[in-house]
Amino acid sequence: MKKTMKQHSFASRLKSLALAFGITLAFASCANEEIAQNPNGKDYDANLTTFSTGDPATRTSMESNGTFYWESGDKIWVKDDNGAWQQSSNAPTEKTASFEFKVPGKFTKSSTYKVYYPGQNGNKDQVSIAANQSQAEPNTTAHFGASGDCGMADAVWSNTKNGFAFTLDHKAAYLLFLPRTANTILHDCYLTKVEVNSDNDITSTYTLNPTTGELTGAGTGKQIIVSTGGDGTYVNGFPLTNNSTSAATNGAYVVIKPGVHTLKIRYWVKDVVTNVEGTITKTLSSATYDQNKYYNINANLDVKNYDGDKYYMWDAQEQYWKGHEWNLGGSQPTLMTQSASSDYPQNSSDPNHRYYHEGGGSGRFDATQGCAGLPNVNEMTWYAAKGEPRWDGDELWTTMGHLYKGSMWFKKKANISGFDANKAVDGSDWRIDSKDNSWSVSHTLPSAADAGNYFYLPALGGYDSGQLGYVGDYGTYWSSSAFPWISYGAYFLGFYRGSVYMHSANRRKGFRAEALQ
């Protein structure tokens, strides 16, 4: 699916967002203005100096239709004349566009002081960008202060303010996720969280560096999850009822460390009726995410649909349910709870040519019909043993009108060293040697940087005597190779969450016949 990313500075973005979505954004603002002690006694405590953010109308960094806000609990830090860190003694008690922070200590030696806002979970010049963020309702940034929003400012003495005035310069980067979907199955589901995975660090503890004007330091956190939902209307998460982008419906914000990142985004979606919850994954190209800018991440959420007409008896001319397809009014079972249909192919005289390819049993015997274009058994051993199979129990997909999850990632053959169609991974030719084996699998998904080296096979189960089974639990994929010494056997690649295996099966089985990458 096409994915679009737009970047905006905080100065330019607010007007466009307000016009597009009818919103007023609530950003925890750390302005560049420190407020010095009031020599005229305006402050009741002469030991406190005022650092004021000023009035919204005077902020040249704001657009007329949008404003930054301070949130309840926000505090600033300033180094006093003795070089000691001082934290403001007061904080807003509710969302406000401007605020007068009261800071202890002496501020008489200079007309300017550096203000630090390390976020609600930071300390002095140390910022903690949270790995777990939470947004209670769509299109709000009230969680920014707790998530790692931060900034610095040069506070300048202002006689008008009788203290120091500042306007915060934000030092984090911000992502706005805007999912939409035209898939009617997903319209009944909810977005429960957005998982952001990076090829490098995006979450950790960093330093607000007054020399560089940036966040500095390297971390190890490569994943951020923002949970979406709260009470009332959003108790199940954010709705996915929109066919077009709508921040008001499900806009979700994430604070990340600025930098060049390759991001893999996993949108967690839940059907609250069936209680099925899984992911829809989008991988973005490497891009620069600058400080003090937000980026629209548009995503057309859909799940890969796998048709029901690629189940075959081994190397049959036609697929298992030819003439009886479920979507054409036929008797093909589409659920594992349905009874078997007697319309499956039962002998070689089947009028729809769906019965397996007979022959072989005394050496190599290759497919020439429905399985002719599939990998042979040797090739499949390379996928199984050297393709670094990784079980994915969360990625969602559909088949025959129903939602499932459960799949395996394999390396593409171009990325498997030594891949050889004429020799199996053990050096022999399984097309003439009767062998089988199994291999363990990983439960760690491919990284954002490595995702393009893998392909994905869903656990589509199979048919046995007209009965559908094991969908979401087992994958069964025919090879183009018959088992050498049994006339009714053929090799297939099978997998489940615990292992990948190359075995032979009765050619009467209705397994998937699909080319691999």
Side-chain angles (χ1 to χ4, degrees), residues 25-28 30 71-75 117-123 126-151 170-179 189-208 215 217-232 234-238 240 247 250-259 261-270 277-284 289 291 294-295 297 299 392-395 443-445 447-448:
L25 298 182
F27 289 101
C30 313
E71 295 291 339
S72 176
D74 281 337
K75 291 192 174 186
Y117 172 67
Q120 293 183 4
N121 295 319
N123 185 51
Q126 298 297 294
V127 174
S128 179
I129 295 181
N132 293 289
Q133 304 177 20
S134 180
Q135 185 176 325
E137 60 185 48
N139 198 36
T140 176
T141 58
H143 62 294
F144 268 20
S147 298
D149 187 22
C150 58
H170 295 257
K171 299 304 178 183
Y174 312 87
L175 309 180
L176 170 55
F177 293 98
L178 296 166
C189 299
Y190 291 84
L191 181 71
T192 59
K193 56 187 174 182
V194 179
E195 178 185 316
V196 184
N197 299 277
S198 176
D199 61 331
N200 52 25
D201 67 297
I202 53 175
T203 170
S204 192
T205 298
Y206 304 100
T207 300
L208 288 165
L215 283 178
T220 58
K222 297 181 179 181
Q223 181 186 86
I224 294 176
I225 296 175
V226 57
S227 300
T228 50
D231 300 322
Y234 304 110
V235 68
N236 293 316
F238 297 170
L240 289 170
N250 49 36
Y253 291 85
V254 174
V255 180
I256 68 169
K257 178 196 175 186
H261 308 302
T262 298
L263 301 180
K264 183 177 74 172
I265 315 300
R266 302 178 82 204
Y267 298 86
W268 284 80
V269 175
K270 184 174 184 178
E277 182 177 18
T279 62
I280 301 172
T281 302
K282 306 285 184 179
T283 300
L284 308 181
Y289 299 88
Q291 65 182 27
Y294 88 105
Y295 297 80
I297 310 295
D392 187 340
D394 295 314
E395 189 76 358
H443 285 236
T444 300
L445 298 181
S447 68

Would you say the side chain of Y253 lies within less than 4.5 Å of the side chain of H143, judging by non-hydrogen atoms?
yes
Within the 4.5 Å heavy-atom criterion, are V254 and Q133 side-chain neighbours or not? yes
Is a side-chain N or O of Q135 found less than 3.5 angstrom from the main chain of G251, in a donor-acceptor match? yes
What one should report as the nearest heavy-atom pair of T207 and Q126 is OG1-NE2, 3.0 Å
Practice problem: Check whether any side-chain N or O of S128 sits under 3.5 Å from a backbone N or O of G122 as a donor-acceptor pair, and report yes or no. | Solution: no
CD1 (I224) and CD (E195) are apart, to the nearest 0.5 Å, by 11.0 Å
Checking the side chain of D199 only, and the main-chain atoms of T262 only, is there a donor and an acceptor separated by less than 3.5 Å? yes
Rounded to the nearest 0.5 Å, the OG1 atom of T141 sits from the CG atom of D149 at a distance of 8.0 Å
Item to complete: Could you check whether the rings of F144 and Y174 sit parallel, tilted or perpendicular, using 30° and 60° as the cut-offs?
Response: parallel
Between the OH atom in Y267 and the OG1 atom in T281, the distance rounded to the nearest 0.5 Å is 10.0 Å
CD of Q223 to CZ of R266, rounded to nearest 0.5 Å, is 8.0 Å
Between the NZ atom in K264 and the OG1 atom in T279, the distance rounded to the nearest 0.5 Å is 8.5 Å
**Message:** Looking at K257 and D201, is any side-chain nitrogen of the basic one under 4.0 Å from a carboxylate oxygen of the acidic one?
**Reply:** yes
Requested in this report: Indicate yes or no: at least one non-hydrogen side-chain atom of N236 is less than 4.5 angstrom from one of K270.
Outcome: no
| said: Parallel, tilted or perpendicular: which one describes the rings of Y289 and H261, with boundaries at 30° and 60°? | reply: parallel
To the nearest 0.5 Å, atom CG of N250 lies from atom OG1 of T228 at 9.0 Å
